[in-house]
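Reviewing the structure listed below.
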2 protein chains.
Amino acid sequence: MTSTSRDVARAAGVSVATVSRAFSEAGAVSDSTRRKVLTEARRLGYSPNPAARRLITGRSGNIGIIVPDLANPFFADIIKGVQRRAREGRQAILVADTDEQARLEGDALRSLARQVDGIILASPRSAIEDLPGDLNIPIVLIHRQAPGWWSVTADFAEGVRQALVNLRALGHDHVAYAGGPHLSWSGGMRTESLRTCAAELGVHLYELGSVAPTIDGGLAAADLALATPATALIAYNDVVALGAMRRFGARGVDVPGGMSVVGCDNTMLSQLAVPSLTTVDVPRFEAGEAAVALLDRYLADADAEPIEQVLATALVIRGTTAPPRQT
Amino acid sequence: MTSTSRDVARAAGVSVATVSRAFSEAGAVSDSTRRKVLTEARRLGYSPNPAARRLITGRSGNIGIIVPDLANPFFADIIKGVQRRAREGRQAILVADTDEQARLEGDALRSLARQVDGIILASPRSAIEDLPGDLNIPIVLIHRQAPGWWSVTADFAEGVRQALVNLRALGHDHVAYAGGPHLSWSGGMRTESLRTCAAELGVHLYELGSVAPTIDGGLAAADLALATPATALIAYNDVVALGAMRRFGARGVDVPGGMSVVGCDNTMLSQLAVPSLTTVDVPRFEAGEAAVALLDRYLADADAEPIEQVLATALVIRGTTAPPRQT
DNA sequence: CAACTCCACGGAAACGTTTACGTACCGCTT
DNA sequence: AAGCGGTACGTAAACGTTTCCGTGGAGTTG
């Protein structure tokens, strides 16, 4: 059905080795025969069989990416970044979605491990030591640091610090925080940073505990926030913030008049909200691109020292923050 | 480094053929030797090399999916459906995002073609005859029908018909429609259905032409709608609808008081909007799952007659539709 | 007891590449 | 003219499976 290097070799009057060399850029072939081979190949519709190539070289040219939830625009953007960078390197990407279930991350890793050259693991929900350790494949983490692991993260501490400083400047000194999944490393960073900043600034911080990173989680967070004296709410991410805004509206609390709201991530959702959402910008495309770049370096030198790259974050002021209403 | 079937064979005191048979469910092996092989395999950390397996069987066990934009929750959900179904069949999925560029669809098809057993092509932006025809691989279309092609689509005609009937019942007889990308098959369905229904119902239909399927497209659509006597707007999809709502708000037009809005797709965005968006529900997970099911049938029998599966749609009434304000 | 069937398993070819090694040839130096 | 280095290319082994075919032994039948 589909033609092989032998067919091309025969047609071009050369050996299969020469065909192979003509296709792998580096090979020592004269320009004239390379041209001859390539035109015959085109004529026959030949392209190298990736399975055979991979069997001998051990490289598939594919990379895998594992995310908690594809439907979360945050992760969709990360994948777009990965994709864009991978396309330049002629790599295909395999994606696995774990539906926010930590248990599935190990399965996904295992099933991808033999298929790809390296794996990007975004925002793992498992503890790092629960991940299978025997699969012997380069892994780059996104939004999680761990000793001995390659990673690209964002400076969440700085982002939420800016948020709290800004709220303080507006006059808020009772601020609530709705956290995310327990084992989210980035969530831990946010909590920790908020605690120290709150102490420094003399702000009362009401930790509402962790809610689901969904609209429903946001609805719940709003009720929790209204049970405290807080006049502002910082949410784990934009989705939670929007859920909370919905619930505030339903309960007759004006945003930002009665309650200021700050999200995190700066996804497209934050511009869609009415009023548009003040949020902490977290680079997503860039994180995806950086992860591929790191993976490439890792693959080039497996014994290199792990790199931990950190991207900048910044507060984006929009319409959901204002001075607290005077009472 | 990683062990091979020969290692397992030696350890278990059998031949490599028997190891292979023990792993491929069907093979004729006694229970006792199979058990022995499997325990030795586990002990050595062996799993079959997919490249070698694929080289001889010609099957990779992978499927590809191509979408115009991963960041659009509509397509993210389709992929989640694909993923869920594929996980059951132990298939990995390769994803390609074409950034809404028709030109990249051919490239994506070509680069995936040799890597996977079959491809799901969602909402192609290219004309069907512009797709490479020589790649000799099963393809299932989503949201596009074409003679001789396998496809799963939704009954968009019925969905928008319900929307128009509902608006008419509320008292709207001047309705605007903002269309999507020119070569979108589903967009064509919507336009056509609206035209015939409008004629039947005696509704004046104002076709605003095609706008980008983005927030910005929605902003533009709103201005166009306000330049007509229309009291209701039907948008190409939820994103456009939300963009339009934003713009209506900015121009002081109350929704639904001054203008009713109907979206399409029923993505999570429609529940996020304030007020929540009346929209046409289009199954997405189900479309993804159905596409994998069709692909499996296609792969099982390449000569079978193409199947064109159509999923149901239905209007979901929420808060953006109401009777027009009396003048 | 012979002839036959069936089952479990081993031997070996095949899948389509890449690459180490070998060889012929060309041009240059001494 | 002999020797030598370099370049372009061919030969063949190797990658790790699956599967066809063959074989020996156990069980069944006449």
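In what follows, chains carry the letters A, B, and so on, assigned in the order in which the sequence lines appear, proteins first and then strands, with residues in each chain numbered from 1. These numbers were taken from a predicted model, which means no experiment stands behind them.
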Out of Arg103(A), Gln101(A), Glu105(A), Arg144(A), which residue meets the side-chain hydrogen bond (donor to acceptor under 3.5 Å, both in side chains) rule with Ser126(A)? Glu105(A)

Under 3.5 Å between N/O atoms: give me all the protein pairs with nucleotides 22-24 of chain D, atom names plus distance.
none

Identify which one of Val29(A), Val14(A), Val19(A), Thr18(A) satisfies the side-chain contact (heavy atoms from CB on, under 4.5 Å) criterion when paired with Arg34(A). Val29(A)

Protein-nucleotide distance (Arg10(B), atom CZ; dG16(D), atom P), rounded to Å: 12 Å

Rounded to whole Å, how long is the line connecting atom CZ of Arg34(B) with atom P of dC7(C)? 15 Å

Output yes when a side-chain donor or acceptor of Ser20(A) lies under 3.5 Å from a complementary backbone atom of Val16(A), and no otherwise. no

What residue among Val292(B), Asn62(B), Leu295(B), Val116(B) forms side-chain contact (heavy atoms from CB on, under 4.5 Å) with Gln91(B)? Val292(B)

Out of dG10(D), dC9(D), dT18(D), which has the shortest distance to the side chain of Ala17(A)? dG10(D)

Once you apply a heavy-atom cut-off of 4.0 Å, does Ser30(B) come out as touching a base, just sugar-phosphate, or nothing? sugar-phosphate

Contact under 4.0 Å: Thr18(B) side-chain N or O vs dG10(C) OP1/OP2: yes

Quick note, salt bridge (Lys or Arg N to Asp or Glu O under 4.0 Å) partners involving residues 285-311 of chain A, not counting sequence neighbours, are Arg84(A)-Glu289(A)

In numerical order, the residues of residues 43-55 of chain A whose heavy atoms come under 4.0 Å of DNA chain D are Leu55(A)

Return all side-chain donor-acceptor pairs below 3.5 angstrom for residues 72-81 of chain B, not counting sequence neighbours, or 'none' if the list is empty.
{"from": "Asn72(B)", "atom 1": "OD1", "to": "Phe74(B)", "atom 2": "N", "distance (Å)": "2.9"}
{"from": "Asp77(B)", "atom 1": "OD2", "to": "Arg284(B)", "atom 2": "NE", "distance (Å)": "2.8"}
{"from": "Asp77(B)", "atom 1": "OD2", "to": "Arg284(B)", "atom 2": "NH2", "distance (Å)": "3.2"}
{"from": "Lys80(B)", "atom 1": "NZ", "to": "Asp69(A)", "atom 2": "OD1", "distance (Å)": "2.5"}
{"from": "Lys80(B)", "atom 1": "NZ", "to": "Asp97(A)", "atom 2": "OD2", "distance (Å)": "3.2"}
{"from": "Lys80(B)", "atom 1": "NZ", "to": "Asp99(A)", "atom 2": "OD1", "distance (Å)": "3.0"}

Phosphate OP1/OP2 of dT19(D) contacted by Ser20(B) side-chain N/O (<4.0 Å): no

Inter-axis angle, terminal five-pair segments of the helix from dC1(C)-dG30(D) to dT30(C)-dA1(D) [nearest 10°]: 50°

Check salt bridge (charged side-chain N to carboxylate O under 4.0 Å, His left out) between Arg43(B) and all other residues, then give those that pass, not counting sequence neighbours. Glu40(B)

Which is true for Val14(A) with a 4.0 Å heavy-atom rule: it touches a base, it touches only sugar-phosphate, or it touches nothing? sugar-phosphate

Salt bridge (charged side-chain N to carboxylate O under 4.0 Å, His left out) filter on Arg35(A), not counting sequence neighbours, yields none

Could you tell me whether the side chains of Ser151(B) and Thr153(B) share a donor-acceptor contact shorter than 3.5 Å? no

Phosphate-side-chain proximity, Ser5(B) and dT17(D), N/O vs OP1/OP2 below 4.0 Å: yes

Who are the salt bridge (charged side-chain N to carboxylate O under 4.0 Å, His left out) partners of Asp7(A), not counting sequence neighbours? Arg10(A)

Provide the full list of salt bridge (Lys or Arg N to Asp or Glu O under 4.0 Å) pairs with a residue in residues 117-136 of chain B, sequence neighbours left out, each pair given once. Glu100(B)-Arg125(B), Arg110(B)-Asp134(B)

May I have the distance from Arg114(A) (atom CZ) to dG16(D) (atom C1'), rounded to whole angstrom? 10 Å

Treating primed atoms plus P, OP1 and OP2 as sugar-phosphate and everything else as base, which nucleotides of nucleotides 21-27 of chain C get B, S or - for protein heavy atoms under 4.0 Å? -------

Phe285(B) meets the ring pair (Phe, Tyr, Trp, His ring centres under 6.0 Å) criterion, sequence neighbours left out, with none

Residue pairs involving residues 28-62 of chain A (criterion ring-ring contact (aromatic ring centres under 6.0 Å, His included); sequence neighbours excluded): Phe23(A)-Tyr46(A)

Between Val16(A) and Val19(B), whichever has its closest DNA chain C nucleotide further toward 5' is Val19(B)

Identified side-chain contact (heavy atoms from CB on, under 4.5 Å) counterpart of Thr98(A) within the set Leu121(A), Leu104(A), Asp107(A), Leu70(A): Leu104(A)

